[in-house]
S.K.: 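Pasting a structure here, questions to come.
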Protein chains: 2
Amino acid sequence: MSESIQIMVVDDHHIVRQGLVALIATMPDMKVVAEAADGMQAIELHRRYRPDITLMDLRLPHKNGVEAIAQIRTEFPTARIIVLTTFDGDEDIYRALQAGAKGYLLKGMTADELTQAIRTVHSGKSRIPAVVAERLAERMGGPSLTSRELDVLKRIVGGRSNKEIASDLFISEATVKTHINSILSKLGVSDRTQAATTALQRGIVHLD
Amino acid sequence: MSESIQIMVVDDHHIVRQGLVALIATMPDMKVVAEAADGMQAIELHRRYRPDITLMDLRLPHKNGVEAIAQIRTEFPTARIIVLTTFDGDEDIYRALQAGAKGYLLKGMTADELTQAIRTVHSGKSRIPAVVAERLAERMGGPSLTSRELDVLKRIVGGRSNKEIASDLFISEATVKTHINSILSKLGVSDRTQAATTALQRGIVHLD
DNA sequence: CGAAATCTCCACCTTTTGGTGGAGTATGCA
DNA sequence: TGCATACTCCACCAAAAGGTGGAGATTTCG
């Protein structure tokens, strides 16, 4: 049969791509048909090769993984994408799944887990590990930050003072304080430094 | 000839190990003789296999990369270790090189860069890329934190207040402030939140 | 030994941050 | 239409953080 599963691998690290290709090569019914090193390339190559499954890292240069997923899913609503990332505390998991990813794997997994996930997702099901599902549920339950609060939080992480944030966003310092108050209570912390580190830990913002 | 280079691969991510093994397998004169997933295992396997070259990730469970390097180099002063990491801003580079690493590579490298580095280090030379050497020189030039300042900085990143830090360290709040003043000026920042984020960015401390 | 660095602490002051409670406007959804 | 949410802003207050300058004790190292 010509039923070998066509796979695209997206990761900016050459070694990781190599590892995935090597792992997949041991499976007779799977084949890597394309490799991309960034989000843009992933979108282009998806158009060209229409892989059955895309294994995608979230941290990518140019266009990040979440954006790439959204774009690909817009063009090809049936695209099946499995997210592959190093950081399990990452808020982007949630965003990626919302953007239409069908599976999620940590890079520490075994070959078996990978091939199982590929088969599961290829068969049309989703494959989200218990740990992640749990964290996701947790996350969903918890209060989410508004976009304005995110603007402020990013600047807190960037080390800006309330005054600077106010002028960055063209609002008064009082408003900044209001937002910060919401942020602190939503994150369950008591000052901006904690807000910064827990935001980084939970992957709500990144140090790029 | 029996002159194939014996290599040990240390990384907690299965995929990365697989990638390295696959890359190295394409070189006829190199061979992976051992794989370790954490620092302890790396030390044990080094005793058993005495590889010519060890490729070591720095972020490892149990015993971190730097400790493992130090331990291995204590037992086998001639061990040749190449550090392999994802994060190029990482302060651990410096520590790893001090601990006796002979080479340093980012995971984004090409197959050529890897094999070249292996050959260079195997021949007894060091192989530190220009970018890293530069950053290292920069780092050396810059003021370094004292151990007490590091104690304080860690707690700042941990989101502790001055009062809490004081009681953690059994010193007065005044002393904490003194240390923080030094930290801020040494890091070239103006408040604790910036201190936290730049410390994370430069890899001086980690969010574990 | 003597200089340098480190660690500890104090006083005094200014600025920043966080806490509380209230309030008006716009938007969107039931 | 009416309620909920998000965004904006205000005043007032208390606590925390940061800036400056000085000082004694200990260790380290040339």
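Protein chains get the first letters and strands the later ones, always in sequence-line order, with residue 1 at the start of each.
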S.K.: Show me the pairs that pass salt bridge (charged side-chain N to carboxylate O under 4.0 Å, His left out) and involve residues 167-176 of chain B, at least two apart or across chains.
M.R.: B:Arg155-B:Asp168, B:Arg160-B:Asp168

S.K.: What integer distance in Å separates A:Ile180:CD1 from D:dC7:C1'?
M.R.: 15 Å

S.K.: So with a 6.0 Å cut-off around NZ of B:Lys31, is the heavy-atom count from everything else above 12?
M.R.: no

S.K.: For A:Tyr49, what residues pass the ring-ring contact (aromatic ring centres under 6.0 Å, His included) criterion, not counting sequence neighbours?
M.R.: none

S.K.: Using only side-chain N and O atoms of B:Asn181, determine if any of them is under 4.0 Å from OP1 or OP2 of D:dG19.
M.R.: yes

S.K.: Sequence neighbours excluded, which residues qualify as side-chain hydrogen bond (donor to acceptor under 3.5 Å, both in side chains) partners of B:Asn162?
M.R.: B:Arg192

S.K.: Expressed in angstrom and rounded to an integer, what is the separation of B:Leu187 atom CG from D:dG18 atom P?
M.R.: 12 Å

S.K.: Return the polar atom pairs (N/O with N/O) between nucleotides 28-30 of chain D and the protein under 3.5 Å, or none.
M.R.:
none

S.K.: Measure CD1/B:Ile156 against C1'/D:dG18 and give the value in whole Å, please.
M.R.: 11 Å

S.K.: Using the C1' atoms of five pairs at each end, what's the angle between the two axes of the helix from C:dC1-D:dG30 to C:dA30-D:dT1, to 10 degrees?
M.R.: 60°

S.K.: Within the 3.5 Å criterion, strictly below it, is a donor on B:Thr175 or B:Ser172 matched to an acceptor on the partner's side chain?
M.R.: yes

S.K.: Could you point out which residue of A:Ile53, A:Ile82, A:Ile7 forms a side chain to side chain contact (heavy atoms under 4.5 Å, CB included) with A:His122?
M.R.: A:Ile53

S.K.: Whole-Å distance between D:dC7 P and A:Glu149 CD?
M.R.: 6 Å

S.K.: For DNA chain D, find the residues of residues 157-178 of chain B with a heavy-atom distance under 4.0 Å and give them by number; none if there aren't any.
M.R.: B:Ser161, B:Asn162, B:Lys163, B:Lys177

S.K.: Where each residue is assigned the nucleotide of DNA chain D containing its nearest heavy atom, which of A:Thr146 and B:Thr193 is assigned the position nearer the 5′ end?
M.R.: A:Thr146

S.K.: Show me the donor-acceptor pairs, under 3.5 Å and distance only, between side chains in residues 40-48 of chain A and residues at least two apart or in other chains.
M.R.:
from, atom 1, to, atom 2, distance (Å)
A:Gln41, OE1, A:Ala37, N, 2.9
A:Arg47, NE, A:Glu75, OE1, 2.8
A:Arg47, NE, A:Glu75, OE2, 3.3
A:Arg47, NH2, A:Glu75, OE2, 2.8

S.K.: D:dT8 phosphate, OP1 or OP2: any side-chain N/O from A:His179 under 4.0 angstrom?
M.R.: yes

S.K.: Could you name each residue pair satisfying salt bridge (charged side-chain N to carboxylate O under 4.0 Å, His left out) that touches residues 100-123 of chain B, not counting sequence neighbours?
M.R.: B:Asp11-B:Lys107, B:Asp29-B:Arg119, B:Asp57-B:Lys107

S.K.: Excluding sequence neighbours, so at least two apart, what forms side-chain hydrogen bond (donor to acceptor under 3.5 Å, both in side chains) with B:Arg80?
M.R.: none

S.K.: Does any non-hydrogen side-chain atom of B:Thr193 lie less than 4.5 Å from one of A:Ile156?
M.R.: yes

S.K.: Can you list the residues that meet the side-chain hydrogen bond (donor to acceptor under 3.5 Å, both in side chains) rule with A:Thr146, with sequence neighbours excluded?
M.R.: A:Glu149

S.K.: Who pairs with B:Arg148 by side-chain hydrogen bond (donor to acceptor under 3.5 Å, both in side chains), at least two apart in sequence or on another chain?
M.R.: B:Asp151

S.K.: Run the numbers on A:Ile204 and A:Leu187 for side chain to side chain contact (heavy atoms under 4.5 Å, CB included), then give the verdict.
M.R.: CA-CA 11 Å; A:Ile204 299 172; A:Leu187 295 184; 3.8 Å; yes

S.K.: Name the first nucleotide and the last nucleotide along DNA chain C (5' to 3') that come under 4.0 Å of a heavy atom in chain A.
M.R.: C:dT16 to C:dT20

